[in-house]
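Positions are given from 1 along the sequence.
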Amino acid sequence: MVVADRVKSPPEDQSPVSPMMSACCHWVLFVNENKEPVLLQYAAVSMLNQTHIDVLTLSGFQGLQPFGALYFCIASAGYLLILLLNVSILVLICGQRRLHQPMYIFLANLLLNTLIGCVAFYPKLLHDLLCEVQLISRTGCILQAFWVHMYVSVECSILTVMAYDRYAAVVHPLTYHSLLNSSMVCKLLAAAWMLPLVGQTCLMSLSSMLPLCASHISRTFCDNRSISNLSCVDISLISLLEIVIAAIVVFLPLLLIFSCYVKILIISVPMSKTGRASKALSTCIPHLVTYVSFVTSIVFEVIQPALATKTIPQVIRVVMSMEGFMVPPLLNPLIYGLTMTDIRNDIRRLFRARLPLNMKVSHC
């Protein structure tokens, strides 16, 4: 039979097969072999079956299997290094009372968020690199997408708070401690964590209720856009909500960070001629490097759909999609550990305290 036309409503003399099926039925006009039009009721059975999909496939690993063991070793080394660097500086900040200042407290939250994002990403990645078929439960996919979005959103929020901290230190040095007292630090951190939490909870709750008509996600990890694109129904509301949340917790903070550094630059240029504020300006460099690396990650994520149609090797596309979980988590502790004098001195002091006595003597 050949489909000739689709009728929006059934004829009056025919009734649906069942109330449950009527919601998913179409009335389709067929032409039989005698060229006689026949009006039939077509139930979207496949849609009804696939609304109960419990297992999804991550198809972004296609083409990586021949070197899966090699990629596993590289990813494992990177993951262990990320854990070592971030946990070390986080424990150092928590253990050293003199580092309990706004700048270091914000840094500790940034590193904690990095650990949360990497724990939500790397274990599943390492498991999939050793598997021939990369499967994930729908619940697991929703949870991974939630924590991935939380990682990105909280990262932007904390970077914004850190930009304000540097702005207050450079532009208002005399009133810095009154502007960023303990109460204000707690309020800023609460907002940095709670706003993304509320937004992402609402978004992922809606996405988790969508009926699915497909099970293949063309990525190496789950995100809300990939999940909602599998839906059988209109996702305009969810897409609009995703845009609004992204504008509030991602793009607006990035603009605020940029404006803070523009003001810092305007103020610092005349001050640098007199030699003032050099220490405060030097503490802006690590944060600026972190900001640039994170913006690069977002740019790579935005251009991913456009790269899907290009003749770019799959490995390059995968690496670009995972850049936010590789470069910033490694770069942040290295940059802050090497450039911030207090942290660098504490690391050096702890390292020397654990050296054997004979090595200390020979070093002296």
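Put simply, the side chain of Y291 never gets that close to the backbone of T160: no donor and acceptor are under 3.5 Å apart. Side-chain atoms of S137 come within 3.5 Å of backbone atoms of G140 as a donor-acceptor pair (strictly under, hydrogens ignored). Judged purely by atom type and a 3.5 angstrom limit, R138 uses its side chain to pair as donor or acceptor with the backbone of S208. Side-chain N or O atoms of N86 include one that pairs as donor or acceptor with a backbone N or O of P329 at under 3.5 Å. Put simply, the side chain of S321 gets close to the backbone of V318: a donor and an acceptor are under 3.5 Å apart. Of the possible polar contacts, none joining the T57 side chain to the S59 backbone as a donor-acceptor pair under 3.5 Å is found.
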Before you tell me yes or no, could you show the steps for Y151 and L115 under side chain to side chain contact (heavy atoms under 4.5 Å, CB included), namely the whole-Å CA-CA distance, both residues' side-chain angles and the distance that decides it to 0.1 Å? CA-CA 9 Å; Y151 162 65; L115 291 173; over 6 Å; no
Would V55 and I136 satisfy side chain to side chain contact (heavy atoms under 4.5 Å, CB included), going step by step from the backbone distance to the final call? CA-CA 6 Å; V55 179; I136 185 171; over 6 Å; no
Go through it in stages, so that I can follow the logic: the residues are H287 and Y336, the test is ring pair (Phe, Tyr, Trp, His ring centres under 6.0 Å), and I'd like the CA-CA distance, side-chain angles, deciding distance and then a yes or no. CA-CA 8 Å; H287 181 265; Y336 284 100; 7.6 Å; no
Chi angles and distances behind the side chain to side chain contact (heavy atoms under 4.5 Å, CB included) call for L210, I235: CA-CA 9 Å; L210 289 174; I235 59 171; 4.1 Å; yes
With side chain to side chain contact (heavy atoms under 4.5 Å, CB included) as the criterion, how do Y167 and H172 come out once you've worked through the C-alpha distance, each side chain's angles and the decisive distance to 0.1 Å? CA-CA 7 Å; Y167 168 79; H172 304 286; 3.8 Å; yes
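Inter-residue side-chain proximity for I343 and L107 is flagged as met; some heavy-atom pair is nearer than 4.5 Å. The shortest side-chain heavy-atom distance between V249 and M150 does not fall under the 4.5 Å cut-off. Side-chain contact between V152 and H149 is absent, with no heavy-atom pair separated by less than 4.5 Å. Residues M162 and M103 are not in side-chain contact: their nearest non-hydrogen atoms beyond the backbone lie 4.5 Å or more apart. Put simply, the side chain of S236 does not reach to within 4.5 Å of the side chain of L240, judged on heavy atoms. At least one side-chain heavy atom of F106 sits less than 4.5 Å from a side-chain heavy atom of L188. Inter-residue side-chain proximity for T290 and L331 is flagged as unmet; no heavy-atom pair is nearer than 4.5 Å. A heavy-atom distance below 4.5 Å is found between the side chains of N332 and L110.
For the atom pair CG (L85) and CG (L111), the distance works out to 10.0 Å, reported to the nearest 0.5 Å. Here C118 contributes atom SG and M326 contributes atom CE; the two are 10.5 Å apart, rounded to the nearest 0.5 Å. Here SG of C94 is found 10.0 Å from CG of L99. Values are rounded to the nearest 0.5 Å. In this structure, Q101 CD and I93 CD1 are separated by 10.5 Å, a value rounded to the nearest 0.5 Å. Between the OH atom in Y261 and the CZ atom in R166 there is a gap of 8.0 Å [rounded to 0.5 Å]. With rounding to the nearest 0.5 Å, the separation of CG in L195 from SG in C156 is 12.5 Å.
Few gaps surround NE2 on H100; more than 12 heavy atoms of other groups in view lie less than 6.0 Å from it.
I142 is connected to L230 through a chain of hydrophobic side-chain contacts under 4.5 Å among Ile, Leu, Val, Met, Phe, Trp and Tyr, so both are in one cluster. There is no path of hydrophobic side-chain contacts, each under 4.5 Å, that joins L256 to F251. Linking Ile, Leu, Val, Met, Phe, Trp and Tyr residues whenever their side-chain heavy atoms come within less than 4.5 Å leaves I243 and I227 in two separate clusters. No continuous path of hydrophobic side-chain contacts links I245 to V198 [ILVMFWY only; heavy atoms under 4.5 Å]. Clustering ILVMFWY residues whenever any of their side-chain heavy atoms sit less than 4.5 angstrom apart, transitively, puts L203 in the very cluster that holds M209.
A donor atom on one side chain and an acceptor atom on the other are not found under 3.5 Å apart for W193 and N113. With 3.5 Å as the limit, one finds no donor-acceptor pair spanning the side chains of N229 and S226. A side-chain donor-acceptor contact under 3.5 Å links S153 and Q200. Side-chain contact of S183 with N181: a donor-acceptor pair under 3.5 Å is absent, judged by distance alone.
Looking at every heavy atom in both residues, A145 comes nearest to M204 through CB-CE, 3.6 Å. Here the closest non-hydrogen pair linking M184 and L179 is CG-O, 3.2 Å. Heavy atoms only, all atoms of each residue included: P328 and P333 are closest at O-CD, 4.3 Å. Considering every non-hydrogen atom in both S157 and A192, the closest pair reads CB-O, 3.5 Å. In plain terms, the two heavy atoms of L56 and I217 that are nearest each other are CD1-CD1, 3.9 Å. Looking at every heavy atom in both residues, Q144 comes nearest to A120 through NE2-O, 3.2 Å.
Two rings, from F221 and F325, have their centers less than 6.0 Å apart.
The only member of T220, L135, D128 that meets side-chain contact (heavy atoms from CB on, under 4.5 Å) when paired with L58 is D128.
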Please report, to 0.1 Å, the donor-acceptor pairs under 3.5 Å made by any side chain of residues 66-82, with sequence neighbours excluded.
| unit_1 | atom_1 | unit_2 | atom_2 | d |
| --- | --- | --- | --- | --- |
| S76 | OG | F72 | O | 2.7 |

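D346 is linked by a salt bridge (Lys or Arg N to Asp or Glu O under 4.0 Å) to R98, R349, counting only residues two or more places apart in sequence or in another chain.
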